[in-house]
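Side-chain atoms are counted along with the backbone in the values below, which use heavy atoms only and exclude waters and symmetry mates.
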Amino acid sequence: MKRLILLFLISSFMAFGQNDEEIIDNRNNTVPTNSAGLVAYYKFDESTGTSTADATGNRNNGTLVNAPTWQVPSTSPVNAVVWSPGGATTPSLAVTNAGTYTATITNGYGCTSSASISTSFASNAALVTLVSPTDDISTDNILKTASIANGRINATNKVTGTAKVTYNAKSIQLDAGFKADNGTVFNAAVGGCN
(Lines give C-alpha, C1' and ligand atoms only; values in the text may rest on other atoms or scores of the structure.)
Protein backbone atom coordinates (compact mmCIF):
# COMPACT_ATOMS: atom_id res chain seq x y z
CA MET A 1 0.00 0.00 0.00
CA LYS A 2 2.81 2.45 0.79
CA ARG A 3 4.24 1.94 -2.70
CA LEU A 4 0.86 2.75 -4.24
CA ILE A 5 0.62 5.95 -2.22
CA LEU A 6 4.14 6.90 -3.27
CA LEU A 7 3.31 6.29 -6.92
CA PHE A 8 0.15 8.36 -6.61
CA LEU A 9 2.04 11.26 -5.08
CA ILE A 10 4.72 11.14 -7.76
CA SER A 11 2.28 10.77 -10.63
CA SER A 12 0.18 13.62 -9.26
CA PHE A 13 3.10 16.04 -9.43
CA MET A 14 5.02 14.83 -12.48
CA ALA A 15 4.06 17.17 -15.26
CA PHE A 16 6.92 16.65 -17.63
CA GLY A 17 5.63 14.24 -20.26
CA GLN A 18 5.75 10.86 -18.56
CA ASN A 19 2.78 8.56 -18.95
CA ASP A 20 1.68 6.11 -16.23
CA GLU A 21 3.75 3.26 -17.70
CA GLU A 22 6.94 5.38 -17.76
CA ILE A 23 6.34 6.46 -14.17
CA ILE A 24 5.94 2.84 -13.04
CA ASP A 25 9.00 1.71 -15.05
CA ASN A 26 11.11 4.48 -13.50
CA ARG A 27 9.74 4.41 -9.95
CA ASN A 28 13.03 3.15 -8.52
CA ASN A 29 15.22 5.66 -10.37
CA THR A 30 16.19 9.07 -9.10
CA VAL A 31 14.99 12.15 -10.93
CA PRO A 32 17.20 15.23 -11.34
CA THR A 33 15.74 17.79 -8.93
CA ASN A 34 15.98 20.49 -11.60
CA SER A 35 13.96 18.54 -14.22
CA ALA A 36 11.79 20.82 -16.36
CA GLY A 37 8.21 20.85 -15.12
CA LEU A 38 8.94 18.98 -11.88
CA VAL A 39 6.78 20.60 -9.22
CA ALA A 40 7.76 18.42 -6.24
CA TYR A 41 10.11 15.51 -5.54
CA TYR A 42 9.70 13.52 -2.33
CA LYS A 43 12.59 11.23 -1.42
CA PHE A 44 10.99 10.07 1.85
CA ASP A 45 14.39 9.92 3.53
CA GLU A 46 13.65 11.89 6.71
CA SER A 47 13.52 8.76 8.96
CA THR A 48 11.15 10.40 11.49
CA GLY A 49 8.18 12.73 11.69
CA THR A 50 5.02 13.35 9.71
CA SER A 51 6.39 15.47 6.87
CA THR A 52 8.60 14.95 3.85
CA ALA A 53 10.67 17.64 2.19
CA ASP A 54 10.38 18.71 -1.43
CA ALA A 55 13.86 18.13 -2.91
CA THR A 56 13.24 20.58 -5.78
CA GLY A 57 13.47 23.67 -3.61
CA ASN A 58 9.93 24.65 -4.63
CA ARG A 59 8.85 24.24 -0.99
CA ASN A 60 5.96 21.90 -1.82
CA ASN A 61 6.62 19.86 1.32
CA GLY A 62 4.33 16.92 2.01
CA THR A 63 2.35 16.02 5.13
CA LEU A 64 2.13 12.32 5.97
CA VAL A 65 -1.11 11.03 7.49
CA ASN A 66 -2.40 7.80 9.09
CA ALA A 67 0.63 7.36 11.39
CA PRO A 68 3.30 6.21 8.91
CA THR A 69 6.10 3.97 10.16
CA TRP A 70 9.56 4.92 8.94
CA GLN A 71 11.96 2.23 7.85
CA VAL A 72 15.45 3.36 8.81
CA PRO A 73 18.53 1.86 7.12
CA SER A 74 19.22 -0.52 10.02
CA THR A 75 15.81 -2.16 9.51
CA SER A 76 15.52 -1.71 5.75
CA PRO A 77 15.62 -4.76 3.53
CA VAL A 78 19.19 -6.01 3.19
CA ASN A 79 20.99 -5.60 -0.11
CA ALA A 80 22.01 -8.84 -1.80
CA VAL A 81 25.31 -8.87 -3.70
CA VAL A 82 26.19 -11.41 -6.39
CA TRP A 83 29.60 -11.36 -8.09
CA SER A 84 30.15 -12.53 -11.63
CA PRO A 85 31.98 -14.64 -12.54
CA GLY A 86 31.84 -17.04 -9.63
CA GLY A 87 28.57 -16.23 -7.87
CA ALA A 88 30.14 -15.06 -4.57
CA THR A 89 27.67 -13.21 -2.33
CA THR A 90 30.07 -11.17 -0.19
CA PRO A 91 30.26 -7.34 -0.18
CA SER A 92 33.90 -7.52 -1.34
CA LEU A 93 35.81 -10.02 -3.44
CA ALA A 94 39.47 -11.06 -3.38
CA VAL A 95 40.59 -12.13 -6.84
CA THR A 96 43.63 -14.05 -8.00
CA ASN A 97 43.06 -13.90 -11.77
CA ALA A 98 43.04 -10.91 -14.10
CA GLY A 99 39.69 -10.16 -15.68
CA THR A 100 36.47 -8.18 -15.41
CA TYR A 101 34.36 -8.69 -12.29
CA THR A 102 30.78 -7.44 -11.93
CA ALA A 103 28.87 -6.92 -8.69
CA THR A 104 25.09 -6.92 -9.03
CA ILE A 105 23.28 -5.53 -6.00
CA THR A 106 19.57 -6.13 -5.41
CA ASN A 107 17.82 -4.33 -2.57
CA GLY A 108 14.84 -5.63 -0.64
CA TYR A 109 12.44 -3.96 -3.07
CA GLY A 110 13.85 -5.82 -6.07
CA CYS A 111 15.77 -2.87 -7.53
CA THR A 112 19.11 -3.85 -9.06
CA SER A 113 22.28 -2.05 -9.99
CA SER A 114 25.58 -3.36 -11.37
CA ALA A 115 29.15 -2.12 -11.49
CA SER A 116 32.20 -3.71 -13.09
CA ILE A 117 35.93 -3.46 -12.56
CA SER A 118 38.73 -4.88 -14.68
CA THR A 119 41.77 -6.16 -12.84
CA SER A 120 45.27 -6.91 -13.97
CA PHE A 121 48.19 -8.27 -12.06
CA ALA A 122 51.05 -6.31 -13.45
CA SER A 123 53.39 -6.85 -10.91
CA ASN A 124 56.39 -6.24 -8.96
CA ALA A 125 58.12 -5.14 -12.14
CA ALA A 126 60.79 -2.51 -11.80
CA LEU A 127 59.59 -0.76 -14.98
CA VAL A 128 56.18 -0.69 -16.66
CA THR A 129 56.03 1.22 -19.94
CA LEU A 130 52.64 2.26 -21.33
CA VAL A 131 52.61 3.50 -24.94
CA SER A 132 49.96 4.72 -27.35
CA PRO A 133 48.04 3.20 -29.05
CA THR A 134 48.83 -0.26 -27.60
CA ASP A 135 48.09 0.72 -23.99
CA ASP A 136 45.37 3.34 -24.55
CA ILE A 137 42.42 2.94 -22.17
CA SER A 138 38.88 4.09 -22.98
CA THR A 139 36.55 2.08 -20.69
CA ASP A 140 36.40 0.19 -17.40
CA ASN A 141 38.15 0.64 -14.07
CA ILE A 142 41.82 -0.18 -14.61
CA LEU A 143 44.75 -0.47 -12.19
CA LYS A 144 48.31 -0.49 -13.57
CA THR A 145 51.08 -1.27 -11.09
CA ALA A 146 54.82 -1.52 -10.78
CA SER A 147 56.77 -2.46 -7.67
CA ILE A 148 55.98 -0.10 -4.80
CA ALA A 149 59.48 -0.67 -3.48
CA ASN A 150 61.46 0.41 -6.55
CA GLY A 151 59.13 0.35 -9.56
CA ARG A 152 58.40 3.05 -12.09
CA ILE A 153 55.64 3.59 -14.62
CA ASN A 154 56.53 5.56 -17.75
CA ALA A 155 53.38 6.56 -19.65
CA THR A 156 52.80 8.05 -23.10
CA ASN A 157 49.39 6.42 -23.53
CA LYS A 158 45.94 8.02 -23.63
CA VAL A 159 43.11 7.73 -21.09
CA THR A 160 39.84 8.59 -22.83
CA GLY A 161 36.09 7.91 -22.85
CA THR A 162 34.66 6.69 -19.55
CA ALA A 163 37.87 5.14 -18.21
CA LYS A 164 38.71 5.25 -14.50
CA VAL A 165 42.42 4.55 -14.23
CA THR A 166 44.92 4.31 -11.37
CA TYR A 167 48.69 3.98 -11.79
CA ASN A 168 50.43 2.73 -8.63
CA ALA A 169 54.24 2.61 -8.30
CA LYS A 170 57.20 4.04 -6.40
CA SER A 171 57.40 6.70 -9.13
CA ILE A 172 55.28 7.62 -12.15
CA GLN A 173 56.53 9.57 -15.14
CA LEU A 174 53.97 11.01 -17.57
CA ASP A 175 55.91 11.76 -20.76
CA ALA A 176 55.01 13.82 -23.83
CA GLY A 177 52.01 12.23 -25.50
CA PHE A 178 50.30 11.15 -22.27
CA LYS A 179 46.73 12.38 -22.17
CA ALA A 180 43.83 12.04 -19.70
CA ASP A 181 40.70 13.44 -21.35
CA ASN A 182 37.93 15.44 -19.73
CA GLY A 183 35.35 13.00 -18.35
CA THR A 184 37.87 10.36 -17.32
CA VAL A 185 39.16 9.68 -13.83
CA PHE A 186 42.95 9.39 -13.55
CA ASN A 187 44.76 8.76 -10.27
CA ALA A 188 48.52 8.51 -9.78
CA ALA A 189 49.35 6.78 -6.50
CA VAL A 190 53.05 6.95 -5.71
CA GLY A 191 55.34 5.87 -2.93
CA GLY A 192 53.64 2.91 -1.33
CA CYS A 193 50.38 1.25 -0.53
CA ASN A 194 47.57 3.66 -1.45
### Message
Quick check: closest heavy atoms across T156 and A176, and the distance to 0.1 Å?
### Response
CG2-O, 3.5 Å
### Message
Would F178 and N157 count as a side chain to side chain contact (heavy atoms under 4.5 Å, CB included) here? Give the steps.
### Response
CA-CA 5 Å; F178 175 82; N157 63 321; 3.6 Å; yes
### Task
Answer yes if the side chains of D181 and T184 hold a donor-acceptor pair under 3.5 Å, and no otherwise.
no
### Minimal non-hydrogen separation, G49 against L64, with atom names
O-CD1, 4.4 Å
#### Entry: Transitive ILVMFWY side-chain link I153 to V185, under 4.5 Å
no
### Message
In this structure, would V131 and I142 fall into the same cluster of hydrophobic residues linked by side-chain contacts under 4.5 Å?
### Response
no
### Message
Just by distance, no angles: are the side chains of N168 and T166 close enough, under 3.5 Å, to form a donor-acceptor pair?
### Response
no
### Message
Within this structure, what is the CD-CZ distance for the pair Q173 and R152, rounded to the nearest 0.5 Å?
### Response
5.5 Å
### Task
Any ring-ring contact (aromatic ring centres under 6.0 Å, His included) involving residues 137-171? Give me the pairs, sequence neighbours left out, ordered by first then second residue.
Y167-F186
### Task
Would you mind reporting whether Y101 and P85 have side-chain heavy atoms less than 4.5 Å apart?
yes
### Task
Enter the distance from L130:CG to K144:NZ here, rounded to the nearest 0.5 Å.
6.0 Å
### Query
So, S138 and T160: side-chain donor and acceptor under 3.5 Å apart, yes or no?
no
### Message
Checking L127 against N154 for the side chain to side chain contact (heavy atoms under 4.5 Å, CB included) test, could you report, in this order, the C-alpha distance in whole Å, the side-chain angles of both residues, the deciding distance, and whether it holds?
### Response
CA-CA 8 Å; L127 177 63; N154 286 355; 3.9 Å; yes
### Message
For T104 versus S114, what's the shortest heavy-atom pair and its separation?
### Response
OG1-OG, 2.9 Å
### Message
I'd like to check the side chain to side chain contact (heavy atoms under 4.5 Å, CB included) partners of S132; sequence neighbours left out, ordered by chain and number.
### Response
D136, K158
